[in-house]
Amino acid sequence: MAERVVISAAQIDPAALRAGLADPAAGAYCGFEGWVRDHNEGHAVLRLEYEVYAPLAVREGRRILDEAADRYPMLNAQCVHREGLLEIGECAVWVGVVAAHRDAAFEACRYIIDAVKVRLPIWKKEHYASGDSGWVNCARCAAHA
Amino acid sequence: MAERVVISAAQIDPAALRAGLADPAAGAYCGFEGWVRDHNEGHAVLRLEYEVYAPLAVREGRRILDEAADRYPMLNAQCVHREGLLEIGECAVWVGVVAAHRDAAFEACRYIIDAVKVRLPIWKKEHYASGDSGWVNCARCAAHA
Amino acid sequence: MTASATDRTVTGRTPKTIRVRYFAMFREHAGTASESLALEADTARDVFLATRHRHGSPEPAGHCKVAINDEMADWDAPVEDGDEVLLFPPVAGG
Amino acid sequence: MTASATDRTVTGRTPKTIRVRYFAMFREHAGTASESLALEADTARDVFLATRHRHGSPEPAGHCKVAINDEMADWDAPVEDGDEVLLFPPVAGG
């Protein structure tokens with residue numbers, strides 16, 4: 001199958017990725033996508049910039065998928081994260097999980113995106129309508145999507 | 001926007017449905033799909049047949065979406081359920097939810113699919129490799145996806 | 001005949017014309033999707049029990065659902081002459 | 001000079017050549033993506049603190065992450081002469 005964890009400079013195609021997870025034993029598919037919002041903490045956001053240290057992001061991402069497979073009876077999972085400049089509405093991250101039953105699909109998907117957001121060496125710079133920009137740090141982003 | 005709850009005799013197109021939920025205020029999309037599995041409770045399954053009483057299924061489905069919107073800070077949600085004969089791997093039900101943050105997207109999506117499975121007037125007949133067939137009833141399916 | 005007429009007066013039960021609709025397993029067992037029946041029924045549960053030999057299911061009402069005139073209803077909901085009662089065997093969406 | 005040489009012998013600390021890589025906010029503050037420094041450092045934390053004026057962040061180490069030679073590491077992990085230490089400011093994926 002395709003690489004389980006991918007850092008992509010090109011737009012994410014969730015439909016193609018989902019199709020890659022097709023499995024006759026799968027009864028449940030859960031997909032999560034993080035989209036670029038037009039606001040954060042009261043600031044109007046124009047676009048986002050992601051910096052990724054790919055070698056470690058991919059390795060840590062695979063570790064997270066392995067942990068999810070250990071914890072939940074899932075069949076397969078995959079994760080793609082963008083890097084570079086993203087416009088409002090673009091998909092910044094996609095996680096897809098297939099399992100026989102929906103409990104595992106939902107829980108593994110949630111486990112993976114939660115871990116991806118706090119463990120992968122990825123940094124997000126917000127460009128605001130005011131002309132300012134700023135790196136989103138953990139203290140500010142921990143409680144949010 | 002499109003109908004929030006749809007009973008469809010045609011194949012479900014999750015990519016098109018997801019695109020219909022696009023919203024610049026949305027930071028999180030959670031999609032769930034129920035796929036036709038090749039087995040259930042140790043029986044090899046060849047295909048499924050869904051019977052739906054559409055007038056009440058749509059009305060009850062809308063009620064479920066309204067309840068989810070009351071409980072979770074989501075922006076929008078939609079649900080499509082198939083009727084008729086389905087082959088292994090086909091998508092039997094799709095639920096999509098968008099929200100500013102991922103907590104609400106995951107939780108509302110889970111709330112909706114859980115309620116859809118137990119409250120909508122929809123019946124599932126399994127056709128087995130053995131030649132038998134049987135209606136899946138609540139006592140048998142309650143613990144499963 | 002007299003005794004029967006007296007019974008009806010005493011119990012206050014006169015037959016109502018109820019249109020009953022069967023779904024899925026119930027439809028297959030009844031051999032029809034719907035029929036009009038004259039039933040001495042006060043509630044949706046009475047209709048369910050009165051048609052049990054027709055819909056052929058040992059399922060308790062608690063596993064099934066009922067609608068009256070296209071509205072989901074409780075088993076204790078009253079039925080009136082001319083009502084349409086929809087009997088739903090255990091559902092299994094998704 | 002003599003005092004300095006003696007100090008080094010007493011503490012056991014001789015400068016190590018450490019390649020330090022900065023990311024995101026740290027890179028912007030340092031004005032470079034990487035540099036080789038001679039540091040008296042035993043652990044990853046020592047490298048973080050020694051370069052704090054370069055990466056310019058008041059963030060405590062607990063909010064940041066570190067890798068040594070492309071492996072995620074603890075702040076107490078030892079650093080050796082010739083190691084590459086990657087300093088990650090608070091991450092924000094997704």
Side-chain angles (χ1 to χ4, degrees), chain B residues 5 7 12 32-37 40-41 48-64 79-83 86 90-95 109-110 112-126 133-145, chain C residues 18-37 43-49 51-80 82-94:
Chain B
V5 178
I7 305 303
I12 294 174
F32 176 82
E33 298 177 30
W35 293 352
V36 179
R37 271 199 317 280
N40 192 28
E41 312 230 321
L48 290 187
E49 197 178 335
Y50 283 99
E51 178 174 333
V52 181
Y53 184 54
L56 276 195
V58 167
R59 210 180 310 154
E60 190 72 3
R62 287 180 189 147
R63 213 169 273 147
I64 290 167
C79 176
V80 181
H81 201 295
R82 284 292 301 279
E83 64 181 348
L86 275 76
E90 281 196 76
C91 178
V93 60
W94 169 86
V95 176
C109 188
R110 183 69 201 252
I112 292 164
I113 187 61
D114 284 358
V116 159
K117 282 177 174 261
V118 297
R119 285 168 50 184
L120 265 49
I122 297 180
W123 302 274
K124 172 161 54 181
K125 192 180 206 174
E126 292 178 336
S133 65
W135 293 100
V136 175
N137 68 33
C138 271
R140 279 178 56 202
C141 68
H144 304 291
Chain C
I18 304 287
R19 180 118 199 124
V20 184
R21 293 181 64 177
Y22 303 106
F23 292 84
M25 182 174 65
F26 288 174
R27 179 177 37 71
E28 289 186 354
H29 285 153
T32 182
S34 69
E35 58 189 344
S36 282
L37 299 173
T43 66
R45 181 180 283 104
D46 293 341
V47 175
F48 180 76
L49 295 175
T51 60
R52 181 168 262 187
H53 69 284
R54 291 174 189 264
H55 65 63
S57 170
E59 289 287 343
H63 292 185
C64 305
K65 291 179 198 293
V66 66
I68 301 173
N69 302 330
D70 262 0
E71 288 286 352
M72 298 302 298
D74 292 330
W75 288 109
D76 293 326
V79 292
E80 307 298 336
D83 277 353
E84 184 178 66
V85 174
L86 292 74
L87 296 180
F88 298 149
V91 301

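Below, chains carry the letters A, B, ... as their sequence lines are ordered, and counting in each starts from 1. Excluded from the calculations below are hydrogen atoms, water molecules and symmetry mates; all remaining heavy atoms, backbone and side chain alike, are included.
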(message) Show the nearest heavy-atom pair for residues B:Asn40 and B:Glu126, with the distance to one decimal.
(response) ND2-OE2, 2.6 Å
(request) Scan C:Arg27, C:His55, C:Glu35 and name whichever one has a side chain to side chain donor-acceptor pair (under 3.5 Å) with C:Tyr22. (result) C:Glu35
(request) Could you look at B:Pro55 and say if it's the side chain, the backbone, both or neither that has a heavy atom under 4.5 Å from chain C? (result) side chain
(message) Quick check for you: among B:Lys125, B:Arg59, B:Glu33, which has the greatest number of heavy-atom pairs under 4.5 Å with chain C?
(response) B:Arg59
(request) Please flag which part of B:Leu120 lies under 4.5 Å from any non-hydrogen atom of chain C: side chain, backbone, both or neither. (result) backbone
(request) Inspect the contact between B:Glu60 and C:Lys65 and indicate whether a charged nitrogen and a carboxylate oxygen are less than 4.0 angstrom apart. (result) no
(message) Heavy-atom pairs under 4.5 Å with chain C: which of B:Trp35, B:Tyr50, B:Tyr53 has the most?
(response) B:Tyr53
(message) Heavy-atom cut-off 4.5 Å, strictly under: side chain, backbone, both or neither for C:Glu71 against chain B?
(response) both
(request) Take C:Phe26 and C:Phe48 through the test side-chain contact (heavy atoms from CB on, under 4.5 Å) and record every step on the way to the result. (result) CA-CA 11 Å; C:Phe26 288 174; C:Phe48 180 76; 4.0 Å; yes
(request) On the 0 to 90° scale, with breaks at 30° and 60°, tag the C:Phe88-C:Phe23 ring pair as parallel, tilted or perpendicular. (result) perpendicular
